[in-house]
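See structure below.
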Amino acid sequence: MQNLVVERLNWEAMPNMGEEALDGYSEQDRPMFTRIRDCLVRYNAYEIFGLYLVHKHFDIADDEEMVEHVDFDLSVVEIYPVKRDHLDMSAMVPTNWFFVEGRGSRPVVHIAQWGHLDDLQGTETKPLSDKYEACFQEIYQILKSGNSLSRFGIFLIRNQFRFEQEENQLECTDHDGRRLKLTTQLRSSDAENAIPTNWLFTPTAEVAVNCCECARNSGGHLGYHRGKAS
């Protein structure tokens, strides 16, 4: 993209799940979410991109990238840090990123997670192409005006597995092993002990659907592919 600059992010500055510094969604964010939804609908991109809460679960080194690894036979996704020089970045696709303020009107993109190109069949594989630049410029301005550039980022919607209506994903965090594991389970939500982390947008009055939740103690993740409204 001509007007979006991609830079390496500072992992140390990213809040951990469970920290007081993590500023999650509240009803005060609904007008901002509505503006972002309207933008995505206008650019016909609401089925391609969603919004996520910028956070981490464990320490990540400056020379590491968070990478998704998909086992299609077991319907499992594992996400863990990999040394950047061990990756063929030409075969990687950004799946989570957020904007920081650059010079003038030029947003800076910090990529927080990557997927393997071969694992993303049927998904947009060039999410940071010029095709979406105008859309991202507008979302950047919306988040900036809401003082939320450091709170919310963009995630690439990818449907790697088939889920039944009563199923969702459970993400478990192995802090010592620095690994996240997503598996399919029967849906169960503990709203008092979970914080929404991902939202899909709809062209309806519902505006957004919470599609992923994380335990407040960062010990697990409840993911909703068909979830409750924010």
Side-chain angles (χ1 to χ4, degrees), residues 1-11 13-15 22-25 28-56 65-68 79 84 89-117 119-120 122-160 196-204 206-212 230:
M1 288 186 176
Q2 295 180 352
N3 294 310
L4 292 179
V5 179
V6 179
E7 294 181 355
R8 292 178 181 175
L9 61 84
N10 178 8
W11 288 107
M14 186 180 295
L22 186 64
D23 188 6
Y25 173 87
Q28 293 180 340
D29 295 313
R30 181 172 288 274
M32 181 176 67
F33 271 45
T34 301
R35 292 178 63 195
I36 292 173
R37 184 281 307 272
D38 292 346
C39 173
L40 288 168
V41 169
R42 188 165 61 255
Y43 286 98
N44 197 29
Y46 68 93
E47 294 181 314
I48 303 173
F49 304 113
L51 214 63
Y52 85 99
L53 181 66
V54 176
H55 68 284
K56 64 182 178 182
E65 302 286 356
M66 287 292 285
V67 179
E68 303 169 10
I79 308 168
R84 191 178 298 109
M89 299 308 295
S90 66
M92 307 300 294
V93 178
T95 56
N96 288 48
W97 61 91
F98 59 95
F99 304 115
V100 299
E101 192 169 355
R103 295 181 179 178
S105 61
R106 290 168 60 86
V108 173
V109 176
H110 285 183
I111 299 173
Q113 195 163 295
W114 298 82
H116 292 277
L117 181 61
D119 293 340
L120 297 172
T123 301
E124 173 60 74
T125 57
K126 296 181 179 180
L128 296 180
S129 68
D130 291 344
K131 179 179 179 181
Y132 304 108
E133 182 173 343
C135 178
F136 291 155
Q137 289 275 4
E138 190 167 330
I139 292 175
Y140 166 78
Q141 292 297 336
I142 294 170
L143 290 171
K144 181 180 177 181
S145 66
N147 296 316
S148 293
L149 286 174
S150 62
R151 297 174 61 210
F152 300 108
I154 306 295
F155 79 93
L156 178 66
I157 298 173
R158 54 249 188 237
N159 297 310
Q160 294 149 325
T197 58
N198 291 67
W199 297 265
L200 300 176
F201 291 96
T202 73
T204 67
E206 191 175 32
V207 180
V209 176
N210 166 220
C211 64
C212 198
S230 299

With distance as the sole test, does Ser148 use its side chain to make a donor-acceptor pair with the main-chain N or O of Gly146 at under 3.5 Å?
yes
Would you mind reporting whether His110 and Arg8 have side-chain heavy atoms less than 4.5 Å apart?
no
Taking the side chain as C-beta and beyond, is there a heavy-atom pair between Glu68 and Thr95 under 4.5 Å?
yes
When every non-hydrogen atom of Leu156 is compared with those of Phe49, the smallest separation belongs to CD1-CE2, 4.0 Å
Taking C-beta and beyond as the side chain, do Lys126 and Lys131 meet within less than 4.5 Å on heavy atoms?
no
Start with the C-alpha distance between Ile139 and Leu40, add both sets of side-chain angles, then the distance that settles side-chain contact (heavy atoms from CB on, under 4.5 Å), and finish with yes or no.
CA-CA 9 Å; Ile139 292 175; Leu40 288 168; 3.9 Å; yes
Write down the atom of Arg151, the atom of Gly24, and the distance for their closest heavy-atom approach.
NH2-O, 2.9 Å
Looking only at heavy atoms, what is the nearest atom pair of Pro127 and Pro94, with distance?
CG-O, 3.5 Å
Mind checking the OG1-CG spacing from Thr197 to Leu22? Nearest 0.5 Å is all I need.
9.5 Å
Mind telling me whether Phe99 and Phe136 have parallel, tilted or perpendicular rings, with 30° and 60° as the class edges?
tilted
For Asn44, I'd like to know if atom CG has over 12 heavy atoms of other residues, nucleotides or ligands within 6.0 Å.
no
Is the closest side-chain heavy-atom distance between Leu53 and Pro196 below 4.5 Å?
no
Within-4.5 Å side-chain heavy-atom neighbours: Leu143 and Ile36:
yes
Any side-chain heavy atom of Val54 within less than 4.5 Å of one from Ser150?
no
Tell me if the centroids of the rings in Phe152 and Tyr25 come within less than 6.0 Å of each other.
no
Answer whether the closest heavy-atom distance between the side chains of Phe98 and Met14 falls below 4.5 Å.
yes
Kindly say whether Thr204 contributes a backbone atom to a donor-acceptor pair with the side chain of Arg37 at under 3.5 angstrom?
yes
The reported gap from CZ in Phe155 to CD in Gln113 (rounded to nearest 0.5 angstrom) is 11.0 Å
Just wondering, do Met66 and Trp11 contact through their side chains at under 4.5 Å, heavy atoms?
yes
To the nearest 0.5 angstrom, please state how far the CG atom of Leu120 sits from the CZ atom of Arg158.
7.5 Å
When rounded to the nearest 0.5 angstrom, what is the spacing between OG1 in Thr123 and CG in Leu117?
10.0 Å
Ile154/Leu51 under side-chain contact (heavy atoms from CB on, under 4.5 Å): CA gap, chis, key distance, verdict
CA-CA 5 Å; Ile154 306 295; Leu51 214 63; 3.8 Å; yes
In Å, rounded to the nearest 0.5 Å, how long is the span from CG of Asp38 to CZ of Phe201?
10.0 Å
